[in-house]
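A quick write-up on the structure given underneath.
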Amino acid sequence: MKNSRYVVAWSVICAMAVVFCTGSPAQAQTVLKLSEIHPKGYPTELADEEFARLVELYTKGGIKVDVFPGGQISGDEKVVIEQVKIGAIAIARVSSGALGSFNAQLNVFALPFLFDSKDHMWAFLNGDAGQKMLADLAPSGFIGLCWYDGGARSFYANYPLTKFEDLKGKKYRVMPNPLLPKVVEAMGASAVPMAAGQVFSAIQTGVIDGAENNAPSLISFNHYQVAKWYLLDEHLRLPEVLFMSKIVWDKLGKEQQAAIRKAAVETVAFQRQKWDAYEIEALQQVKGGGVTVTPVTDFTPYKNAVKQLVADESPKYAETIKSIDAVRPKK
Ligand code: BDP
């Protein structure tokens with residue numbers, strides 16, 4: 001017990017380096033580490049940088065956010081989240097799919113075909129219920145700062161994958177999350193939970209047949225080089241989350257906390273704009289890289305396959321789903 005308290009205290013010191021510029025506490029600068037799995041220039045990474053710029057501006061140099069892109073801290077978001085939880089890393093940007101293992105309410109996003117469109121998702125995320133989900137991360141030890149766009153996820157593979165039936169019996173990587181394996185299994189494939197950082201070699205060596213993600217990630221993780229078929233079934237929309245360690249947060253002053261919140265909120269439109277442009281460009285790059293991209297015109301078999309799973313799981317998220325349905329675009 002004593003030991004683990006020591007580890008937590010020491011980690012917080014590491015996550016919150018305080019640099020005394022002139023030796024006078026009035027000019028002390030707190031440096032906070034931010035972990036990002038994607039490389040420099042990726043839409044979420046650009047938003048992290050913008051967030052860092054705004055935090056420094058709004059705290060008048062009192063807080064500096066140091067962004068560590070490309071999974072430098074860890075290529076495993078589960079490890080990153082654990083580190084944020086104990087205060088060893090101050091801030092991270094991860095997928096809500098990964099954070100769902102630490103805060104069950106987020107698993108609602110792991111329900112396939114939950115949102116009709118990007119606009120539908122944002123109508124929910126920007127509304128009261130979406131913002132409350134960020135606030136409700138606190139009991140898990142996190143301060144939710146904002147949502148970012150993560151597009152729609154589709155299956156890709158190292159064998160001809162052009163229709164629903166091709167998924168059957170194949171091994172697909174999923175993010176470690178309680179619900180995601182069930183989604184892939186409902187579609188007829190078997191699910192292999194693994195960290196994003198391991199997927200490239202797992203496809204290359206045939207440990208798995210494929211994975212599922214948005215086009216920008218196929219580029220950023222280089223998966224398009226080893227998986228030459230991409231089936232755009234768009235079964236999931238998992239928003240990205242920027243969040244902070246509650247342990248570190250609680251050590252900051254009220255004004256600093258307000259400055260961080262303001263900075264985060266202001267990066268949302270920025271990230272969405274970068275995302276919208278890159279989503280299109282990345283799909284072009286995937287095609288240019290020799291990947292056979294098949295759009296889905298009839299979603300019926302996909303939706304039918306997960307119907308029972310959605311019916312079984314939905315009651316756990318009844319309130320949230322009610323809010324999602326309330327902003328569903330009229331057909
Ligand atoms: C990408 C997310 C990233 C996740 C990755 C994954 O941006 O945060 O680590 O998916 O599948 O879309 O693990």
Side-chain angles (χ1 to χ4, degrees), residues 34-48 67-84 89 91-103 106-107 109-110 112 115 118 121 125 142 144-157 171-181 183-184 191-203 208 210-224 226-227 230 232-243 267 271-272 274-276 278-279 282-283 285-286:
L34 189 162
S35 175
E36 166 67 67
I37 199 166
H38 290 296
K40 254 191 166 337
Y42 191 90
T44 51
E45 196 278 336
L46 293 172
D48 303 335
V67 179
F68 290 81
Q72 275 175 55
I73 296 182
S74 173
D76 185 342
E77 289 192 334
K78 183 168 170 279
V79 171
V80 170
I81 298 165
E82 280 162 355
Q83 297 286 304
V84 173
I89 301 172
I91 309 167
R93 195 293 311 157
V94 300
S95 166
S96 55
L99 201 53
S101 297
F102 297 77
N103 185 272
L106 293 184
N107 292 328
F109 299 128
F115 297 111
K118 182 194 289 256
M121 179 184 80
L125 295 177
F142 309 120
L145 295 175
C146 64
W147 302 110
Y148 289 146
D149 207 323
R153 297 174 74 100
S154 296
F155 290 103
Y156 54 97
K171 288 200 262 312
Y172 277 85
R173 175 266 176 172
V174 290
M175 263 187 258
N177 165 297
L179 187 48
L180 291 173
V183 172
V184 167
V192 184
M194 116 181 10
Q198 300 174 319
V199 177
F200 182 91
S201 65
I203 297 179
I208 51 176
E212 44 88 55
N213 221 318
N214 50 52
S217 292
L218 264 71
I219 297 292
S220 79
F221 297 131
N222 288 321
H223 293 172
Y224 75 98
V226 286
Y230 193 24
L232 300 180
D233 73 310
E234 304 193 338
H235 53 276
L236 289 173
R237 276 187 191 274
L238 291 171
E240 314 276 22
V241 198
L242 184 71
F243 69 110
T267 59
Q271 193 271 346
R272 289 184 61 187
K274 298 283 175 202
W275 180 266
D276 288 350
Y278 191 55
E279 198 172 37
L283 191 61
Q285 285 180 25
V286 166

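In listed order, ligands and their atoms are each counted from 1.
If you check which protein heavy atom lies closest to atom 6 (C) of ligand 1, you get Arg173 NH1, 3.4 Å. The protein heavy-atom contact nearest to atom 4 (C) of ligand 1 is Glu77 OE1, 3.5 Å.
Distances shorter than 4.0 angstrom do not occur between any heavy atom of Glu212 and any atom of ligand 1. Heavy-atom separations between Ser217 and ligand 1 include at least one value shorter than 4.0 Å.
For the pair Tyr42 and ligand 1, the shortest N or O to N or O distance does not fall below 3.5 Å.
The ring of Phe109 has its center closer than 6.0 angstrom to the ring center of Trp147.
In this view, Glu45 and Lys40 satisfy the salt bridge (charged side-chain N to carboxylate O under 4.0 Å, His left out) rule, not counting sequence neighbours.
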Audit row: Glu36, Phe68, side-chain contact (heavy atoms from CB on, under 4.5 Å) steps and yes/no: CA-CA 6 Å; Glu36 166 67 67; Phe68 290 81; over 6 Å; no

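A perpendicular orientation is assigned to the rings of Tyr278 and Tyr42, their planes being inclined by more than 60° (bins at 30° and 60°).
At a threshold of 4.0 Å, the pair Asp233-Arg153 does not count as salt-bridged, since none of the basic side-chain nitrogens sits closer than that to a carboxylate oxygen. The pair Arg93-Glu240 meets the salt-bridge criterion, with a side-chain N (NZ, NE, NH1 or NH2) lying under 4.0 Å from an Asp/Glu carboxylate O.
Of the candidates Asn213, Leu180, Leu238, Val80, the one placing a heavy atom closest to atom 5 (C) of ligand 1 is Asn213. Among Glu240, Lys78, Glu36, the residue whose heavy atom lies closest to atom 7 (O) of ligand 1 is Glu240.
The Met175 neighbourhood of ligand 1 comprises atoms 6 (C), 11 (O), 13 (O), with distances under 4.0 Å to a heavy atom of that residue. Residue contact check: His38 has heavy atoms under 4.0 Å from atoms 1 (C), 2 (C), 3 (C), 7 (O) of ligand 1.
Tyr224 has its side chain out of reach of Gln285: every pair of non-hydrogen atoms, C-beta onward, lies at least 4.5 Å apart.
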